[in-house]
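Here is the structure we will look at, set down as structure tokens.
First the proteins, then the strands, lettered A, B, ... as listed; each starts at 1.
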Number of protein chains: 2
Amino acid sequence: MTTKAATSSSVRLAAETWESLFRSQVAVMRRLQAGKAFKRLPIKEYDVLFTLSRCPTGKLRLNEINDHVLLSQSSLSRLVERLEKRGLLERSVAPDDGRGILLGLTDAGRELQKEIGREHVRDIAELVAPALTAEEQRELLRLTEKLQAFVAGK
Amino acid sequence: MTTKAATSSSVRLAAETWESLFRSQVAVMRRLQAGKAFKRLPIKEYDVLFTLSRCPTGKLRLNEINDHVLLSQSSLSRLVERLEKRGLLERSVAPDDGRGILLGLTDAGRELQKEIGREHVRDIAELVAPALTAEEQRELLRLTEKLQAFVAGK
DNA sequence: CATCGATACATGCAAATGCATCTATCTTGG
DNA sequence: CCAAGATAGATGCATTTGCATGTATCGATG
């Protein structure tokens, strides 16, 4: 049996861990989004282009992308609308599901993602690499992946 | 001297680490902000009350709070305005700096923070505690604190 | 295969956000 | 002590966001 005291301390530990994870994300994100590259395209919109660029098939459903970003379904719908208007991606109806929308980068979208991405990655490296040893980064990577995997499968 | 290959791999590691940290934060935050408690008060507004509740003096400057949240100065200014209108906090002029605004919780604000906080902490524990061992949580806590400390002092 | 609930995405509308700018106060150099 | 630049926070305004809801398609059930 778990004692009350042990439960309380495990709750506290979880809360402190999350708090620290969250604040570190805020601190890093604050710096990153101030990057010069994001004057060309807001970081949230960049993130959608990035997600598409990482996808092997090059196409993703709207709802798949929605799982990766912190936006409501309707906000993402309009964000994508803006990207399409700028000619950075194209919509098409999903072949196997008439309700679904497939998104794919245009050449211009792929190009812009790469340009911003290069600078963005440099900024990330400047913030993260000197803060933690390679070993620590690998451990942080492992732990956050494990956390994410658990939360996703719930 | 650092070789090109070593530099490239360290850059990649930093980028992957950040990406994973960020996505795990998105996944957890998505669940947390869906919590029933945040129908009473949006999570960003709760966060300001929480930050004030943790402060030993009970009072914080607007710009101090701004460092902890991912909001522009003007957005925070108006968020605080909403909280004041709801009677959850009070503004006062900073005694040592006529430009500064000191924020402090009202009794109602303290009470609401505690009520939401209790539920919020439970939700956090349900997501984080089963995902990682206590040892892993302590390590994640340590690493994110270290990252945050480095980024803050830059 | 007709119906009914569920799912995917779009849209009207009110609220929140950020940028640029404004005012007031502080700080510094002469 | 004064002027000039810096800093804290407020505000006008255009953009973005989310909630509620709408439309279309899908899937299961009788």
Side-chain angles (χ1 to χ4, degrees), chain A residues 26 29-49 51-52 55 59-86 88-104, chain B residues 26 29-49 51-52 55 59-86 88-104:
Chain A
V26 168
M29 180 59 87
R30 198 167 249 302
R31 297 303 197 96
L32 291 178
Q33 73 187 160
K36 192 164 55 68
F38 298 114
K39 305 238 161 186
R40 301 178 70 186
L41 189 76
I43 195 164
K44 285 177 181 172
E45 306 194 5
Y46 166 77
D47 194 26
V48 169
L49 300 189
T51 301
L52 280 169
C55 169
K59 306 242 176 214
L60 284 173
R61 293 277 295 266
L62 246 169
N63 59 356
E64 295 175 304
I65 294 179
N66 218 151
D67 292 337
H68 283 49
V69 299
L70 210 48
L71 276 176
S72 68
Q73 178 268 318
S74 60
S75 298
L76 179 61
S77 179
R78 287 202 245 246
L79 186 154
V80 162
E81 186 178 61
R82 293 194 294 275
L83 290 174
E84 188 185 28
K85 265 185 197 138
R86 284 182 61 169
L88 299 173
L89 54 76
E90 284 170 337
R91 301 171 196 240
S92 53
V93 177
D96 57 330
D97 185 343
R99 299 164 301 178
I101 298 290
L102 276 181
L103 304 179
Chain B
V26 167
M29 179 59 86
R30 198 167 250 300
R31 297 302 199 95
L32 292 178
Q33 74 187 161
K36 192 164 57 69
F38 298 115
K39 304 238 162 185
R40 301 177 71 185
L41 190 75
I43 196 164
K44 284 177 181 173
E45 305 193 6
Y46 166 77
D47 194 26
V48 169
L49 299 189
T51 302
L52 280 168
C55 169
K59 305 241 175 215
L60 284 174
R61 292 278 296 265
L62 247 170
N63 58 356
E64 295 175 303
I65 294 179
N66 219 150
D67 292 337
H68 283 49
V69 298
L70 210 47
L71 277 176
S72 69
Q73 178 268 319
S74 60
S75 298
L76 178 60
S77 180
R78 287 200 245 245
L79 186 155
V80 161
E81 185 178 61
R82 293 194 295 275
L83 290 174
E84 188 186 28
K85 265 185 198 139
R86 284 183 62 169
L88 299 172
L89 55 75
E90 285 170 335
R91 299 171 196 239
S92 53
V93 178
D96 57 330
D97 185 342
R99 298 165 302 177
I101 298 290
L102 276 182
L103 303 179

Answer whether the closest heavy-atom distance between the side chains of A:V26 and B:V69 falls below 4.5 Å.
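No. Closest side-chain heavy atoms not under 4.5 Å.
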Would you mind reporting whether A:L88 and A:L41 have side-chain heavy atoms less than 4.5 Å apart?
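Heavy-atom side-chain distance check passes, below 4.5 Å.
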Near DNA chain C, which residues from residues 95-104 of chain B have a heavy atom under 4.0 Å away?
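Those residues whose heavy atoms fall under 4.0 Å from DNA chain C, taken from residues 95-104 of chain B in numerical order, are B:D97, B:G98, B:R99.
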Partners meeting salt bridge (charged side-chain N to carboxylate O under 4.0 Å, His left out) with A:R30 (sequence neighbours left out):
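With sequence neighbours excluded, A:R30 shows a salt bridge (charged side-chain N to carboxylate O under 4.0 Å, His left out) to no residue whatsoever.
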Sequence neighbours left out, what passes side-chain hydrogen bond (donor to acceptor under 3.5 Å, both in side chains) with B:S77? Give chain and number order.
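Scan of B:S77 (side-chain hydrogen bond (donor to acceptor under 3.5 Å, both in side chains), adjacent residues dropped) gives none.
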For B:D97, all residues meeting side-chain hydrogen bond (donor to acceptor under 3.5 Å, both in side chains), sequence neighbours excluded:
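Only B:R99 meet the side-chain hydrogen bond (donor to acceptor under 3.5 Å, both in side chains) criterion with B:D97.
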What pairs with [X] under side-chain contact (heavy atoms from CB on, under 4.5 Å), at least two apart in sequence or on another chain?
X: A:R78; value: A:E81, A:R82
X: A:V80; value: A:L62, A:L76, A:L89, A:R91, A:L103
X: B:E64; value: B:L60, B:R61
X: B:S72; value: B:S74, B:S75

How many angstroms lie between OG1 in B:T51 and CG in B:N66, if you round to the nearest 0.5 Å?
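Here the rounded value is 11.0 Å.
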Nearest-0.5 Å distance, NE2 of residue B:H68 to CG of residue B:L52:
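Going from the NE2 atom of B:H68 to the CG atom of B:L52 covers 10.5 Å.
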Under 3.5 Å, which N/O atoms of the protein pair with N/O atoms of nucleotides 16-19 of chain C?
unit_1, atom_1, unit_2, atom_2, d
C:dT17, OP1, B:K44, NZ, 3.4
C:dT17, OP2, B:R82, NH2, 3.0
C:dG18, OP2, B:S72, N, 2.8
C:dG18, OP2, B:S72, OG, 2.9
C:dG18, OP2, B:S75, OG, 2.5
C:dG18, N7, B:S74, OG, 3.3
C:dG18, O6, B:R78, NH2, 2.8
C:dC19, N4, B:S74, OG, 2.9

A:N63 side-chain N/O to C:dT7 phosphate OP1/OP2 under 4.0 Å:
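No.
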Under the salt bridge (Lys or Arg N to Asp or Glu O under 4.0 Å) definition, can you give me all pairs with a residue in residues 32-43 of chain B, not counting sequence neighbours?
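Non-adjacent pairs meeting salt bridge (Lys or Arg N to Asp or Glu O under 4.0 Å): B:R40-B:E115.
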Contact interval (first through last nucleotide) of DNA chain D with protein chain A, 4.0 Å heavy-atom:
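The contacted stretch runs from D:dT16 to D:dC26.
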The helix from C:dC1-D:dG30 to C:dG30-D:dC1: angle between its terminal axes, five pairs each, to 10°?
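Here the helix ends are tilted 30° relative to one another.
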